[in-house]
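Structure first, commentary second.
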Amino acid sequence: MNSVSSSATASANNPITDKVLFAIDSDSKGHGVATVTVNNPDKHNAFDDDIISQLTQTFKTIAADESIRVMVLASTGKSFSAGADLSWMKRMASYNYEENLKDANALADMLYTLNFMPQTTIAQVQGAAFGGAVGLASCCDMVVASDKASFCLSEVKLGLIPATISPYVVSAIGLKASRRYFQTAERFSAAKAQQLGLVDEITTSEQLSAQVQQVITTLLANGPDAVKQAKQLAMDVAGRPINDQLIQETSQRIAAIRVSPEGQEGLTAFFDKRPANWQSS
């Protein structure tokens, strides 16, 4: 693959740093795989308002790029992320309600952007993921974790609550588990996280990148538009009653994609026993 790397572009009020790295790999078929890396290992990849702003902008840039099919969210060092940076939290403690609300809305915007990206998103979790980092993992379509990874919704230890991340965490691990871990702030293992539905695959630290690449290879073998529509389909039907409206809507969706250029190519390639035009020969 051809690779292009850069730090995340920042606004005038948010100077460019190397704490958020952004790279795109593209193959001969034009499949782009973006990797966004939080690069703040000295602070266990804790994030502050600047990193949140950079992540939000980077996610929006990727979401608007139709050549990118997959995004990997990773970090450097031993920890995936310790959640909120202590210096940032100290500043927030002195904020009034309106300032705190503005700050919370910025984090909420980042999480919303990540959760609803059209591309497939994969969290590569090598170590501890605390607080808001559990929210980041919950917003990704898939989570591949090292057997050394651990998770903790630690907010109540500080007299706080996991408010902005709560919709995504509840969606990932369910109401019953959320009621427990929101209140206890217990640290739980990758194996427990997999049992709860937060983690999809567990591997060794040495094989983590290779396992993520295997998932990417599987994804890129599938129809680009079909994958994007399949992600949206899952979100659109979740929790809805199976009634005439939903039945009609889903029937319309399959009929539309069957007659689409990609659907026609996929079906023709299957019956001709050849690779589809988005696959390697």
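Each of Thr35, Ile122, Leu114 was evaluated against Met71; a single residue qualifies, Leu114, per the side chain to side chain contact (heavy atoms under 4.5 Å, CB included) test. Partner of Glu186 under the salt bridge (Lys or Arg N to Asp or Glu O under 4.0 Å) criterion, out of Lys157, Lys192, Arg180: Arg180 alone.
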Requested in this report: Run the numbers on Val33 and Leu220 for side chain to side chain contact (heavy atoms under 4.5 Å, CB included), then give the verdict.
Outcome: CA-CA 9 Å; Val33 177; Leu220 295 183; 4.2 Å; yes

Report task. Determine, step by step, whether Arg240 and Glu249 satisfy the salt bridge (Lys or Arg N to Asp or Glu O under 4.0 Å) criterion, reporting the C-alpha distance in whole Å, the side-chain angles of both residues, the deciding distance to 0.1 Å, and the verdict. Result -> CA-CA 12 Å; Arg240 290 175 59 182; Glu249 181 183 322; 3.1 Å; yes

Side-chain donor-acceptor pairs under 3.5 Å in residues 257-267, sequence neighbours left out?
{"from": "Ser260", "atom 1": "OG", "to": "Ile257", "atom 2": "O", "distance (Å)": "2.7"}
{"from": "Ser260", "atom 1": "OG", "to": "Gly263", "atom 2": "N", "distance (Å)": "3.1"}
{"from": "Glu262", "atom 1": "OE1", "to": "Asp225", "atom 2": "N", "distance (Å)": "3.0"}
{"from": "Glu262", "atom 1": "OE2", "to": "Asp225", "atom 2": "N", "distance (Å)": "3.1"}
{"from": "Glu262", "atom 1": "OE2", "to": "Ala226", "atom 2": "N", "distance (Å)": "2.7"}
{"from": "Gln264", "atom 1": "NE2", "to": "Arg258", "atom 2": "O", "distance (Å)": "2.7"}
{"from": "Glu265", "atom 1": "OE1", "to": "Arg274", "atom 2": "NH2", "distance (Å)": "3.2"}
{"from": "Glu265", "atom 1": "OE2", "to": "Arg274", "atom 2": "NH1", "distance (Å)": "2.8"}
{"from": "Glu265", "atom 1": "OE2", "to": "Asn277", "atom 2": "N", "distance (Å)": "2.9"}

Cut-off 3.5 Å, no hydrogens considered: what does the side-chain donor-acceptor table look like for residues 149-156, sequence neighbours left out?
{"from": "Ser150", "atom 1": "OG", "to": "Arg187", "atom 2": "NE", "distance (Å)": "2.9"}
{"from": "Ser150", "atom 1": "OG", "to": "Arg187", "atom 2": "NH2", "distance (Å)": "3.0"}

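Here the side chain of Gln126 pairs a donor or acceptor atom with the backbone of Ser75 at under 3.5 angstrom. Formation of a donor-acceptor pair under 3.5 Å by the Asn100 side chain with backbone atoms of Asn96 is found in this model. Checked by atom type and distance alone, the side chain of His44 never pairs as donor or acceptor with a backbone atom of Lys78 at under 3.5 Å.
Looking only at atom types and distance, the side chain of Ser146 has a donor-acceptor partner in the side chain of Ser205 under 3.5 Å away. The closest side-chain donor-acceptor pair between Asp50 and Trp88, if any, does not fall under 3.5 angstrom. Checked by atom type, the side-chain pair Ser79/Asn45 shows no donor-acceptor distance below 3.5 Å. Side-chain contact annotation: Ser67 with Asp65, donor-acceptor N/O pair under 3.5 Å present.
Distance check: Thr113 OG1 to Phe59 CZ gives 8.5 Å after rounding to the nearest 0.5 Å. Remark: Leu196 CG to Lys176 NZ distance equals 11.0 Å, nearest 0.5 Å. From Arg179, atom CZ reaches atom CD1 of Ile173 across 12.5 Å, with rounding to the nearest 0.5 Å.
The number of heavy-atom neighbours closer than 6.0 Å to CG of Asp244, taken from other residues, nucleotides and ligands shown, is 12 or below. Within 6.0 Å of CD1 in Ile242 there are 12 or fewer heavy atoms belonging to other residues, nucleotides or ligands. More than 12 heavy atoms of other residues, nucleotides or ligands shown are found within 6.0 angstrom of CG on Leu101. Enclosure of atom CZ in Phe270 is not indicated, since only 12 or fewer non-hydrogen atoms of other residues, nucleotides or ligands lie within 6.0 angstrom.
What you find for Ile68 and Gln119 is that their closest heavy atoms are O-CG, 3.0 Å.
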